[in-house]
Amino acid sequence: MFESLYDVLYDNLIQINAKEINISDKFKKHTSEDKNYIIKNSLYESPGFRKWRITKLDGGEKIQVFNTVAYPIFECEQPILGVDILWFGKLQKLLTVLDYQPLIQDKQYLKTYCSKLNLLKNQFSEFSNTTMKNIYDSNKYFSPWVIICRGNKSNLEEDLHNIFYLFLEEYLKINTFFSSNKFLNSRQIKCKQFEYDKYSLDKDPADKLFNKFFGKEWTANFVKNFLFTSN
Ligand code: BLA
């Protein structure tokens with residue numbers, strides 16, 4: 001599932017001269033013991049991005065996940081790109097979270113780098129939710145315009161591809177036209193990006209799922225050495 005999102009992402013990665021980085025076979029593709037869950041991961045880097053990871057989880061009718069995170073190079077203060085898309089087929093429920101995840105909450109920084117999200121929200125009314133439950137702190141590494149959709153099959157089939165396309169396009173424009181930092185220096189950017197990983201390691205609910213599907217040992221290794229490596 002989510003092939004069309006993957007295709008859009010892949011085309012854009014080619015456009016920005018991204019190269020695939022080899023990752024451990026343990027993470028490339030892993031199947032749960034009961035064969036019900038298959039996870040596939042890949043990693044890229046490009047002149048503007050030091051790390052771009054992609055995760056797809058196929059759990060059949062139970063759960064499908066498309067998750068991707070892009071870390072700009074330390075010379076660029078642009079937000080981290082965060083995408084978490086989950087489809088629960090049995091329940092026919094979609095959860096989509098898309099954000100230009102800000103490194104700081106300074107008002108001018110947010111306006112400069114994240115406010116375009118508001119235009120997307122206005123275009124796609126079903127994706128205009130911004131209220132989070134209490135898994136994450138909405139004031140840390142999320143923008144005021146974080147796109148959240150708790151939706152259904154029609155949102156999955158009709159809107160998701162288009163909003164994802166525009167979301168990615170706008171984000172890459174920032175990177176392509178980036179000239180100089182106005183808010184943070186490289187040392188601060190590096191600190192903030194590493195802190196993002198530590199924060200996510202602590203908060204992300206993914207490990208609970210993965211523990212159930214793939215066991216504690218594989219999950220601990222995966223979370224620490226692929227998802228949130230702090231380097
Ligand atoms: C929520 N993400 C969730 C939930 C799960 C995952 C199980 C809770 C679902 C629910 O509330 O019904 C699952 N997260 C995953 C999986 C991966 C993962 C399987 O990372 C695999 C790698 N999460 C991110 C990123 C963002 C993000 C990059 O990984 C940023 C856009 C956001 N996920 C995010 C938010 C919620 C969430 C904000 C909570 C939504 C809410 O509170 O309403």
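As the structure lists them, so they are numbered: ligands from 1, and atoms in each ligand from 1.
One side chain, W52 or T68, offers a donor N or O that lies under 3.5 Å from an acceptor on the other. A side-chain N or O of D99 and one of S143 form a donor-acceptor pair less than 3.5 Å apart. If you check the side chains of N41 and T55, you find a donor sitting under 3.5 Å from an acceptor.
When all heavy atoms of Q193 and I73 are compared, the pair lying nearest together is NE2-O, 4.4 Å. Taking each heavy atom of P47 and N17 in turn, the nearest pair found is CD-O, 3.7 Å. Across F214 and H30, no two heavy atoms sit closer than the pair CD2-CD2, 3.4 Å.
Scanning the protein for heavy atoms near atom 41 (C) of ligand 1, the closest one is R150 NH2, 3.2 Å. Of all protein heavy atoms, the one closest to atom 36 (C) of ligand 1 is Y136 CE1, 3.6 Å. In this structure, the protein non-hydrogen atom closest to atom 4 (C) of ligand 1 is P205 CG, 3.4 Å. Scanning the protein heavy atoms around atom 9 (C) of ligand 1, the nearest turns out to be L95 CD2, 3.7 Å. In terms of protein heavy atoms, atom 20 (O) of ligand 1 is closest to N67 ND2, 2.9 Å. When hydrogens are left out, the protein atom nearest atom 13 (C) of ligand 1 is L86 CD2, 3.6 Å; that is the closest non-hydrogen contact. Remark: minimum distance from atom 28 (C) of ligand 1 to any protein heavy atom is reached at V69 CG2, 3.4 Å. The nearest heavy-atom contact from the protein to atom 42 (O) of ligand 1 is K133 N, 2.7 Å.
Residue-ligand proximity: Q101 is placed with a non-hydrogen atom under 4.0 Å from ligand 1. Using 4.0 Å as the threshold, L57 has no heavy atom nearer than that to any atom of ligand 1. Contact analysis puts L209 in contact with ligand 1, with a non-hydrogen atom separation below 4.0 angstrom.
Note: an N/O pair closer than 3.5 Å links D84 and ligand 1 by distance alone. The shortest N/O to N/O separation between R53 and ligand 1 does not fall below 3.5 Å. Looking at T55 next to ligand 1, no N or O pair under 3.5 Å apart turns up.
A distance below 6.0 Å separates the ring centres of F222 and F226.
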Could you check E170 against Y100 for side chain to side chain contact (heavy atoms under 4.5 Å, CB included), going step by step and ending with a plain yes or no? CA-CA 10 Å; E170 285 302 331; Y100 303 155; 3.2 Å; yes

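Atoms CG and OH, from L103 and Y109 in turn, are 3.5 Å apart once rounded to the nearest 0.5 Å. Atom-to-atom distance recorded for L86:CG and F2:CZ is 7.0 Å, nearest 0.5 angstrom. Once rounded to the nearest 0.5 Å, the distance linking OG of S115 with CG of L110 reads 9.0 Å.
Atoms of ligand 1 found under 4.0 Å from any heavy atom of V65 (numbered from 1 in listed order, with element): 19 (C). Heavy-atom proximity to F142, at under 4.0 Å, picks out these atoms of ligand 1: 30 (C), 32 (C), 38 (C). Against a heavy-atom cut-off of under 4.0 Å, F210 is close to the following atoms of ligand 1: 19 (C), 21 (C).
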